[in-house]
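Here's the structure, in structure tokens; my notes come after.
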Amino acid sequence: MALEMRLPVARKPLSESLGRESKKHLVVPGDTITTDTGFMRGHGTYMGEEKLIASVAGSVERVNKLICVKALKTRYNGEVGDIVVGRITEVQQKRWKVETNSRLDSVLLLSSMNLPGGELRRRSAEDELAMRGFLQEGDLISAEVQAVFSDGAVSLHTRSLKYGKLGQGVLVQVSPSLVKRQKTHFHDLPCGASVILGNNGFIWVYPTPEHKDDDAGGFIANLEPVSLADREVISRLRNCIVSLATQRMMLYDTSILYCYEASLPHQIKDILKPEIMEEIVMETRQRLLEQEG
Amino acid sequence: MASVALSEAEKVYIVHGVQEDLRVDGRGCDDYRCVEVETDVVSNTSGSARVKLGHTDILVGVKAEMGTPKLEKPNEGYLEFFVDCSASAAPEFEGRGGDDLGTEIANTLYRIFNNKSSIDLKSLCISPREHCWVLYVDVLLLECGGNLFDAISIAVKAALFNTSASALGAPGTETSRGADHSRTPRGRTLAARSRAETPLLWTSACVGTGSRTESEDLAEARGKALALLPEPELAGPPLPSWPHPTLE
């Protein structure tokens, strides 16, 4: 039984130790962004006393004449085409309610779901009664955002074989602003596991399947025990993602992979210790800077 | 203590992991998360401690006051426990929601400190049948991240250790005749004994066919808390289990 006790130590944030060429313009609610009245105001700003004032805490983004403030800590705001990982909270008539870390529960309509076998037909009353057989409360799914309602609720669809119910693996919840937008969010990492980086901050780490099942459409979960070597890779990746998120670094396949490689000399359970976490993230940051420059 | 619904596949993954002694975050079944302990954090108490165990944050304050000994134990002082599960710890503690959990934890603390080898209550007596020290131990739950019993027992132990000698031996104006308050060794005795002999709680949960200690919030199952005392034969019966209904 290993039990480690320590005294709390004040830690200074890592971002001060590594300089950045272009400083982001960070604001807090109430800060004046500009007194120039020629700009159009976007999200996160409001006009008060002929000044543009920020209403959220974040970084100022400017596109030509449009100024908006992108919040650093926020709930997920859906955009059409995003990949999300969500958990079913309710089974209703003809739709499921999915929790995606946004202000309102997202909606997955029965008609937006692929039937097993890939059939294309109108959903009947039997399909409605069999909904719970497809997805129950607590199940995890990967889906794509189809539309955004006027109140901000997101409508999802799983109309492709790569989306659907998720099997065995580990879910990590981070802030949505840390997930970098990329061309693809499904990655098979060379270290031996796969990862789905949901835009809503839910990251799913799972063992790479040996062969892709086309018939099942992702509904039949594989409940066989995962091997110990795969488990170690998954736990190590999970700890690396948690340490990158704690140090507020952007999450994408390269950063996660570099962090994984930097953590190999340490034991898996040591990665969560604060000093080892800083060391690993510092090394990752340096490698990423070298790669860019 | 928000219970999260898990999918069948996730549950299977966790259960197999426990059987192979590798949990989701890489710890073995017997490993604890990192603990941070800080004493002397609250200035207007006789002793205090703050313990952070993963996401669990506990603050304990000990106030020493003069009182009358209980009738059945005229030579001893006593301890009073009060556990407050604040609403900022978890959403279900809002209003009176945290009272049940608080009462259960307080009763557990009373049980483990009822043992004469846990703490020397005779050292808290000032004059028999007339005056004694009463230690009011207040536990405040700041954040709930699993494994409350263990963290609270560590915090109470640290706070009792921190209960300073000056609080228990200082001369006060409301002394009664014959009371000898220059015996500062009393506070030191309390500190020395709580460093060595105050019991700690160790919670173990059954998952599938294996067992694991120090569960996080996500997958706590039925657990039993055992009081660990220096002499194992005085450990007593296991305390009642507190079920968390996410895993069978």
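Fair warning: this is a prediction, and the values are worked out from it, not measured in the lab. In what follows, every chain begins at residue 1, and chains take the letters A, B, ... in the order their sequences are listed.
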(message) Distance check, rounded to the nearest 0.5 Å: Arg23(B) atom CZ versus Arg238(A) atom CZ?
(response) 11.0 Å
(message) Please determine whether a side-chain nitrogen of the Lys or Arg among Lys269(A) and Asp25(B) lies less than 4.0 Å from a carboxylate oxygen of the Asp or Glu.
(response) no
(message) Can you confirm whether Glu94(B) is buried at CD, in the sense that more than 12 heavy atoms of other residues, nucleotides or ligands lie under 6.0 Å from that atom?
(response) no
(request) Can you measure from OG1 (Thr39(B)) to CG (Leu7(A)) and round to the nearest 0.5 angstrom? (result) 7.5 Å
(message) What I'd like to find out is whether the side chain of Tyr13(B) reaches to under 4.5 Å of the side chain of Leu223(A), using heavy atoms alone.
(response) no
(request) Mind checking the CG-CG spacing from Leu6(B) to Leu171(A)? Nearest 0.5 Å is all I need. (result) 9.5 Å
(request) Heavy-atom pairs under 4.5 Å with chain B are the metric here; pick the option from Val242(A), Val205(A), Asp270(A), Leu140(A) that has the most. (result) Leu140(A)
(request) Return the minimal non-hydrogen interatomic distance between Ala5(B) and Gly138(A), and the atom names on each side. (result) CB-CA, 4.0 Å
(request) Counting only heavy atoms closer than 4.5 Å, note whether Asn239(A) contacts chain B via side chain, backbone, both or neither. (result) side chain
(request) May I ask you to decide whether Glu38(B) forms a salt bridge with Arg6(A), counting only side-chain N to carboxylate O separations under 4.0 Å? (result) no
(request) Specify the closest pair of heavy atoms between Glu224(A) and His16(B), including all atoms of both residues, with the distance to one decimal. (result) C-CE1, 4.5 Å
(request) Please assess Glu10(B) against Arg87(A) for the test salt bridge (charged side-chain N to carboxylate O under 4.0 Å, His left out), listing each intermediate value before the final yes or no. (result) CA-CA 12 Å; Glu10(B) 275 179 288; Arg87(A) 199 181 283 279; 3.0 Å; yes
(message) Test of understanding: with side-chain hydrogen bond (donor to acceptor under 3.5 Å, both in side chains), list the residues that count as partners of Lys63(B), not counting sequence neighbours.
(response) none
(request) Work out which heavy atom in Val37(B) is nearest to a heavy atom in Met5(A); give both atom names and the distance. (result) CG2-SD, 3.6 Å
(request) Calculate, to the nearest 0.5 Å, the distance between atoms OG and CD belonging to Ser7(B) and Gln136(A) respectively. (result) 10.0 Å
(request) Could you tell me which portion of Leu272(A) (side chain, backbone, both or neither) has an atom closer than 4.5 angstrom to a non-hydrogen atom of chain B? (result) side chain
(message) Show the nearest heavy-atom pair for residues Ala9(B) and Leu166(A), with the distance to one decimal.
(response) CB-O, 4.4 Å
(request) Measure distances from Gln267(A) to the heavy atoms of chain B and classify the residue's part below 4.5 Å as side chain, backbone, both or neither. (result) neither
(request) Please tell me if the side chains of Ser235(A) and Val24(B) come closer than 4.5 Å, counting only heavy atoms from C-beta onward. (result) no
